[in-house]
> 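Mind looking over this structure? Questions follow.
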Amino acid sequence: MSGFSKDRLAGVVIAPHVSEKSARIGMLGNQYVFRVRTDATKPEIRAAVEYLFEVKVDAVRVVNQAGKAKRFGRTPGRRQDWKKAYVRLAAGQQIELGGAERA
């Protein structure tokens, strides 16, 4: 954990990001995509994933996603900016994000 509080680490990862691309890279590259706090750093994200899922993280890449301009009724507005983290696990490691699939 290298100096990060457990409370901070528990709040860094917000949710897994589910999309076609995240499913594809998950199968091919042993990577997982998470929505994380906008002020989170790569070392914090690495420590949070290792703490929450008890796995060994190999690499972390982050993307700052800009919020889209949208209309809310008559009022023009903007969605919130957010940060996405691509986390590659060490060989042989995996995270079980969803429940068991039903047959």
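All values reported here derive from a predicted model rather than from experimental measurement.
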> Decide yes or no for Ile14 and Val36: does some side-chain heavy atom of the first lie under 4.5 Å from some side-chain heavy atom of the second?
no
> Below 3.5 Å, can you tabulate the donor-acceptor pairs from side chains in residues 24-34 to any protein atom, sequence neighbours excluded?
from, atom 1, to, atom 2, distance (Å)
Asn30, ND2, Ala90, O, 3.4
Asn30, ND2, Gln93, O, 3.3
Tyr32, OH, Ile95, N, 3.1
Tyr32, OH, Ile95, O, 3.4

> Any chance you could measure Thr75, atom OG1, to Lys70, atom NZ, to the nearest 0.5 Å?
15.0 Å
> Identify, with sequence neighbours excluded, every residue that meets side chain to side chain contact (heavy atoms under 4.5 Å, CB included) alongside Thr41.
Pro43, Glu44
> Filter on ring-ring contact (aromatic ring centres under 6.0 Å, His included), then keep only pairs touching residues 65-97, sequence neighbours left out; what's left?
His17-Trp82
> To check you understand the geometry: which heavy-atom pair defines the closest contact between Leu52 and Ala10, and what is its length?
CD2-CA, 4.3 Å
> Show me the donor-acceptor pairs, under 3.5 Å and distance only, between side chains in residues 56-69 and residues at least two apart or in other chains.
none

> Would Leu9 and Asp7 count as a side-chain contact (heavy atoms from CB on, under 4.5 Å) if you check the C-alpha gap in whole Å, the side-chain angles of each, and the deciding distance to 0.1 Å?
CA-CA 6 Å; Leu9 292 180; Asp7 292 336; over 6 Å; no
> Above 12 or not: heavy atoms from other molecules or residues under 6.0 Å from CZ of Arg78?
yes
> With sequence neighbours excluded, what pairs up with Ser19 under the side-chain hydrogen bond (donor to acceptor under 3.5 Å, both in side chains) test?
Ser22
> According to salt bridge (Lys or Arg N to Asp or Glu O under 4.0 Å), who are the partners of Asp39, at least two apart in sequence or on a separate chain?
Arg8, Arg37
